[in-house]
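Read through the structure below, which is laid out as structure tokens, and then see the notes.
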Amino acid sequence: MDPILVKLLLCFKTLVETLPSNTQQKKVKEHELCSRYFQPFFQSLFDSNEDDDMLFKWMNTITFSCNSDGDQPAVTNNRPDGCIENDRKTIGYVEVKTIDYATNHYTINVDLHRLGIFGKTALSRYSLNKTFQVMAIGTNLQFYICQNVDGVCIMTELNSLRLPVSLDELPQLVPYFDRLYNIVETIYNNCYSKDNMLTTTDTDTDGNNGTLEPKILKAITEKTIDRTRYNCFYHPYH
């Protein structure tokens, strides 16, 4: 049987077992988002015993240590909210924000940039060709692939969907089953594959090539925050 289909069926089974019966009216905090809604969902999709024992986990340690010469981007000393890794490498990163941040384009885009930095650093650190990222705003999920193309790090959005918050809403996910299947299949084919390694013909993806350092990004964005400007990365959140 198709292993991706099996994962999706197990994911639906887990959601049925863990979601509350009705949508709660109280505001959902970040800890509850992570523990009640995202933990069973991400574990069902991204844990894999067949692909080098990859595990989804929430982070509570520094992701990368600085190089002795200090050339590692400072942002990598911060930790993402979650990652997908084994004892040898990290192939995926997760950032979570509550729905309160949905209209704060500045904060969302800075976190998206951080995800790109985490992904790009992993390409170099673990000699990978692709990593993936998940940005969660409330229960709205955006999926990305970060890859090395001729020495340039490109972060491409795969798709987006909304995770149901109760059993009442679970049927709303069924029409998007094909979309979720395509997302998970793309991630497994590209990031979990044993071929996901840089070859000798790939250009070096040093952490300082092609990406603005965090201090430069901050200098550009800090004094130009404008909530009325069009945000090309915006998704409608609810």
Side-chain angles (χ1 to χ4, degrees), residues 1-19 33-61 63-64 79-96 115-116 118-136 139-148 153-164 170 173-174 176-199 202 205:
M1 190 174 183
D2 185 345
I4 303 299
L5 182 59
V6 172
K7 278 196 168 292
L8 296 190
L9 293 176
L10 290 175
C11 178
F12 270 76
K13 176 179 179 292
T14 301
L15 291 177
V16 169
E17 294 172 345
T18 58
L19 288 177
L33 270 177
C34 295
S35 60
R36 173 169 287 278
Y37 300 104
F38 293 147
Q39 178 86 11
F41 183 75
F42 289 150
Q43 278 188 326
S44 300
L45 294 182
F46 299 138
D47 279 10
S48 178
N49 295 327
E50 299 178 359
D51 300 279
D52 294 332
D53 292 323
M54 286 294 173
L55 297 174
F56 167 77
K57 59 183 70 173
W58 299 114
M59 296 294 294
N60 56 8
T61 58
T63 309
F64 300 109
R79 61 175 185 263
D81 292 320
C83 70
I84 295 86
E85 64 179 8
N86 61 15
D87 292 336
R88 296 179 300 280
K89 61 186 178 181
T90 305
I91 62 170
Y93 296 93
V94 178
E95 282 286 340
V96 178
L115 276 176
F118 287 131
K120 178 178 170 59
T121 305
L123 294 180
S124 175
R125 177 61 59 89
Y126 305 116
S127 299
L128 301 175
N129 195 43
K130 297 180 181 71
T131 59
F132 73 96
Q133 295 76 37
V134 184
M135 185 74 183
T139 57
N140 302 274
L141 305 176
Q142 296 157 223
F143 299 85
Y144 299 87
I145 285 280
C146 187
Q147 65 182 111
N148 169 47
C153 179
I154 297 178
M155 187 172 174
T156 305
E157 183 175 351
L158 298 178
N159 219 319
S160 60
L161 56 85
R162 179 177 178 271
L163 189 66
L170 187 58
L173 187 60
V174 175
Y176 298 98
F177 192 89
D178 288 347
R179 179 185 296 188
L180 182 58
Y181 181 96
N182 291 336
I183 292 170
V184 177
E185 182 183 41
T186 300
I187 289 173
Y188 268 81
N189 288 345
N190 286 277
C191 301
Y192 284 76
S193 170
K194 297 186 185 302
D195 297 329
N196 182 24
M197 301 293 292
L198 287 177
T199 64
D202 290 319
T205 57

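No hydrogens, no waters, no symmetry mates; every other heavy atom, side chains included, goes into these values.
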I'd like to check Cys83 versus Lys57 (side-chain heavy atoms, cut-off strictly below 4.5 Å). Are they in contact?
yes

Nearest non-hydrogen partners of Tyr144 and Met135, listed with the distance
CE1-CB, 4.1 Å

Under a 3.5 Å distance rule, please check whether Asn190 uses its side chain to pair with a backbone N or O of Thr186 as donor and acceptor.
yes

Check: Ser160/Gln142 side-chain N/O donor and acceptor closer than 3.5 Å
no

Taking all heavy atoms of Phe56 and all of Gly82, pick out the closest pair and write down the distance.
CE1-CA, 4.4 Å

Across all chains, not counting sequence neighbours, the side chain to side chain donor-acceptor pair (under 3.5 Å) partners of Ser44 are Thr14

Those residues that, when tested against Phe12, pass ring-ring contact (aromatic ring centres under 6.0 Å, His included) (two or more places apart):
Phe177

Give, for atom CG of Leu10 and atom CG of Asp47, the distance between the pair rounded to the nearest 0.5 Å.
11.5 Å

Below 30° counts as parallel, above 60° as perpendicular, anything between as tilted: where do the rings of Phe46 and Phe42 land?
parallel

Quick check: do Val184 and Leu8 have side-chain heavy atoms less than 4.5 Å from each other?
yes

Asn49 and Asp53: which non-hydrogen atoms are nearest, and at how many Å?
O-OD1, 3.3 Å

Under 4.5 Å between any side-chain heavy atoms of Leu163 and Leu15, yes or no?
yes

Working to the nearest 0.5 angstrom, can you tell me the gap between Leu180 CG and Leu141 CG?
9.0 Å

Indicate yes or no: at least one non-hydrogen side-chain atom of Cys11 is less than 4.5 angstrom from one of Phe41.
yes

Side chain of Asn148, backbone of Asn129: donor and acceptor closer than 3.5 Å?
no

Say whether Tyr93 and Glu95, considering side chains only, have a donor N or O and an acceptor N or O under 3.5 Å apart.
no

Taking NZ, NE, NH1 and NH2 as the nitrogens, is one of them in Lys89 or Glu85 under 4.0 Å from a carboxylate oxygen of the other?
no

Does a side-chain heavy-atom distance below 4.5 Å link Asp81 with Cys34?
no

Less than 4.5 Å apart, side chain to side chain, heavy atoms only: is that true for Thr139 and Leu33?
yes

May I have the step-by-step check of side chain to side chain contact (heavy atoms under 4.5 Å, CB included) for Asp2 and Val6, ending in yes or no?
CA-CA 6 Å; Asp2 185 345; Val6 172; over 6 Å; no

Taking it one step at a time, do Lys130 and Cys146 satisfy side chain to side chain contact (heavy atoms under 4.5 Å, CB included)?
CA-CA 6 Å; Lys130 297 180 181 71; Cys146 187; over 6 Å; no

Hey, mind stepping through Asn182 and Asn159 against side chain to side chain contact (heavy atoms under 4.5 Å, CB included) and telling me if it holds?
CA-CA 9 Å; Asn182 291 336; Asn159 219 319; over 6 Å; no

Mark yes or no for whether Lys7, through its side chain, and Ser48, through its backbone, hold a donor-acceptor pair below 3.5 Å.
no

Are Ile145 and Thr131 close enough that some pair of their side-chain heavy atoms sits under 4.5 Å apart?
no

Any donor-acceptor N/O pair, Asn140 side chain to Arg162 backbone, under 3.5 Å
no

Mind listing the closest non-hydrogen atom pair of Leu173 and Leu161 along with its distance?
CD1-CD1, 4.4 Å

For the residue pair Pro164 and Leu19, what are the closest heavy atoms and their distance?
O-CD2, 3.7 Å

Measuring only between side-chain heavy atoms, which start at C-beta, is Tyr126 closer than 4.5 Å to Ile91?
no

Please report the C-alpha distance between Ile183 and Phe143 in whole Å, then the side-chain angles of each, then the deciding distance to 0.1 Å, and finally whether the side chain to side chain contact (heavy atoms under 4.5 Å, CB included) criterion is met.
CA-CA 7 Å; Ile183 292 170; Phe143 299 85; 3.6 Å; yes

Taking all heavy atoms of Ile84 and all of Met54, pick out the closest pair and write down the distance.
CG2-CB, 4.2 Å

Between Arg36 and Thr18 (side chain of the first, backbone of the second, donor and acceptor by atom type, cut-off under 3.5 Å), is there such a pair?
yes

